[in-house]
There are 2 protein chains.
Amino acid sequence: MRDLLEIQEQLLPDLMDTLKRRYTILHQIRLSGVVGRRTLAGSLEMTERVLRAETDLLKAQGLIEIETVGMRISDAGICLLEQLEPMMKELFGLARLEEKIRKAYGLRKVVVIPGDSESSPDVKRELGRVGARTLLSYVHSGDTIAVTGGSTLAEVAEQMTALAGGPLKGSWFVPARGGLGESVEIQANTIASKMAKRVGAEYRLLHVPDLLGEDAYQSLVHDQHIQEIVHVIRQSRIIIHGIGDAMEMARRRKLDDGSIDSLQKDGAIAESFGYYFSESGEVVHKMLTLGLRLEDIMRTEIVIGIAGGRSKGKAIHAVLKFGHEDILVTDEAAALEVMKEIETL
Amino acid sequence: MRDLLEIQEQLLPDLMDTLKRRYTILHQIRLSGVVGRRTLAGSLEMTERVLRAETDLLKAQGLIEIETVGMRISDAGICLLEQLEPMMKELFGLARLEEKIRKAYGLRKVVVIPGDSESSPDVKRELGRVGARTLLSYVHSGDTIAVTGGSTLAEVAEQMTALAGGPLKGSWFVPARGGLGESVEIQANTIASKMAKRVGAEYRLLHVPDLLGEDAYQSLVHDQHIQEIVHVIRQSRIIIHGIGDAMEMARRRKLDDGSIDSLQKDGAIAESFGYYFSESGEVVHKMLTLGLRLEDIMRTEIVIGIAGGRSKGKAIHAVLKFGHEDILVTDEAAALEVMKEIETL
DNA sequence: CTTACCCGGGACATTTTACGTCCAACATAA
DNA sequence: TTATGTTGGACGTAAAATGTCCCGGGTAAG
């Protein structure tokens, strides 16, 4: 398919440019939901007039609908975008990025979406959508799926929609580990239940704080109900988790200064499912809580990491070095940072 | 490929038009050999200036060479044309035409080239080239190929060039049937020998008139040399033949008025390899001469019919109805006429 | 040789299109 | 009600496309 485009480019030298431009516009409209001409022109850095010419064409082709409130992508437009996606990845060079990262860490699959989810909420939403799609493509009926907290995972849950093949009866969504310290919207429990509801699956929750004293831990660990749910969690076939900056997570979890200093001393860069990783991928600290343990993760069939944004580069690198990831979903900005880490090796 | 085309039609409808335009121009330059701007503008019905803009671009892309004598296609241009050909067939709707005709008569393959070979010598030349290429794609070393006469077959011979795989040693070109009545350039004998020479194959000729009296027939049929060559002819694995209008052929062969009347009465529409066919594909008359017989044709492995021009539509239909063709090579004008015949069934 | 013809490329006035930039009428949410 | 954002219309200007010549040069026929 690529060949054919290159052949055509001989006769139509500006083919690729136009293709990219129109795809980007259509894509952006989809990300934005309903958006006006000026706003769109601003975010795409185009003048109003040329954007207008393009959107007129898109409308004439039935790819978008224009109403008094703004422009919205049509079903045909969505269909077109999805068909075009692999090709555009090639064109934008994202496919190469994916492959390089995949090889560098020996992953099963890497998905890179264009943009920077830190600087654009639209891109973050897209990251969620792609993450959801990726996750669902691996889920079978009857699976147990462990999820972590975090804003990215919350977005994944938000973007999750039932599969074409009907609801996922008999599958279970569970939180990966305890974590009641965070705000409720981005708690693993909330996310697990939301995901389950969205795809018609079941869920079980684990109401355990993320910061346990030794005593509390001992008492919880012997609780009948908790033992039961922890057992389910540890059997997960799939885990999908966010990746965070170590210091930021430590602060968010309100660790005391001593712990933070100790983390810093140990070179903690990244945090994921309650473990802190150094640059070389070693676990330098772990939260004392219940749920998945390191050894569970190591033997989990499908581990999906998802994180985006330029600042996440080092953290992603650290977790990938850990070496038990299978799939990475990220954005262009983070992927480029990860590439830098790869190159300095 | 079809998918890609549909996507492009949706997102780049304007570019597809210019793609068509530029392809047509490049194609026409190839057909014309060396041609000037004004002449080309005339035959493509464009104004000089817009053609000039296009040819400037084609030159900048290295697809044509512009010299003081005129414009000529470059190697890169030929390469491009050939790579783009299947796509353009889709774009121009020729692929659909081919498939419909193929299915309607249960043929193995149908090739339709754009244009009308009756109104343009260039298109006729192209028909010859495509016919030659099609024929050669089926020839193996050691085959015997029977050819008929006619201006189209003469053009095929003219356009035939040795294959990339070297000369066709051990293959034989032979005339399908006797036919000394026509002018020498379009006689089967001439064509067979020219084809053989062009591809480095052997040939044998059959010097027998196309109109024999019963006595002459009987004496020739017992001739040792003639028996020998006729035997070779009847063993042909491949036959390539033109298709003509019955009345026109009858006149060209200088049949007497009585015979012509009788042909007309029997509803003869088409003529091919010495047989006259009615609209329903039945043989209503045959020439008394030597060479391939109907039963030979019926069991010939590969029967290639080639004919172009708007007026040939009915004749082609008649021969295809006969039901022993495998491959048809024709032009757009004739194909559209054939389609009409199909639709009236 | 001459002559008639066709060639590419330069030139230019004119038309058409693209573009940037406003504005008016309308819808929506606060 | 007000503030904001939307579409579609409008318009002057800049840029590109176009139709139409012309010129010098090369070709082939006479």
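Just so it is clear, the values below take in all heavy atoms, side chains as well, and ignore hydrogens, waters and symmetry mates. Just so it is clear: chains get the letters A, B, ... in the order the sequence lines come, proteins before strands, and each one is counted from 1.
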Take atom CG of Leu51(B) and atom P of dA17(D), then tell me their distance rounded to the nearest Å.
15 Å

For Asp56(A) and for Val50(B), locate the closest nucleotide of DNA chain D by heavy-atom distance; then report the residue assigned to the nucleotide nearer the 5' terminus.
Asp56(A)

Taking only N and O in the side chain of Thr39(B), is any of them less than 4.0 Å away from OP1 or OP2 of dC7(C)?
yes

Ion pair check, Glu337(B) and Arg310(B), cut-off under 4.0 Å
yes

Glu48(B) has an atom CD; how far is it from atom P of dT18(D), in whole Å?
13 Å

Between dG8(C) (P) and Arg72(B) (CZ): distance, integer Å
11 Å

Grab the CE-C1' distance between Met46(B) and dT20(D) for me, whole Å please.
16 Å

Let's see if you get this right: which residues in residues 62-70 of chain A place a heavy atom under 4.0 Å from DNA chain D?
Ile66(A), Glu67(A), Thr68(A), Val69(A), Gly70(A)

Determine whether a donor-acceptor pair (N or O, by modelled atom type, separation under 3.5 Å) exists between the side chain of Ser120(B) and the backbone of Asp122(B).
yes

Are Ser151(B) and Lys124(B) close enough that a side-chain donor and a side-chain acceptor fall under 3.5 Å?
yes

Got more than 12 heavy atoms from elsewhere within 6.0 Å of CG, Asp14(B)?
yes

DNA chain D-proximal residues of residues 29-36 of chain A, any heavy atom under 4.0 Å:
Val35(A), Gly36(A)

Hey, is Lys194(A) close enough to Glu158(A) for a salt bridge, meaning N to O under 4.0 Å?
yes

Between P of dT18(D) and CZ of Arg37(B), the distance in whole Å:
14 Å

Report the nucleotide, chosen from dG20(C), dC22(D), dG8(D), that has the shortest atom-to-atom distance to any side-chain atom of Arg38(B).
dC22(D)

For the side chain of Arg52(B), starting at C-beta, report the closest nucleotide among dT20(D), dG9(D), dC23(C).
dT20(D)

Rounded to whole angstroms, how far apart are CD on Glu45(B) and C1' on dT18(D)?
18 Å

Euclidean distance, atom CG of residue Leu57(B) to atom C1' of dG8(C) [Å, nearest integer]
17 Å

Do NZ/NE/NH1/NH2 and the carboxylate oxygens of Arg125(A) and Asp331(A) come within less than 4.0 Å?
no

Listed nucleotide nearest any side-chain atom of Lys59(A), set dG8(D), dA11(C), dG8(C):
dG8(D)

Answer yes when Arg30(A) and Glu82(A) have at least one side-chain N-carboxylate O distance shorter than 4.0 Å, and no when they do not.
yes

Less than 4.5 Å apart, any side-chain heavy atom of Leu81(B) and any of Ile73(B)?
yes

From CZ of Arg49(B) over to C1' of dC12(C), roughly how many Å is that when rounded to an integer?
10 Å

Hey, is Arg129(A) close enough to Glu126(A) for a salt bridge, meaning N to O under 4.0 Å?
yes

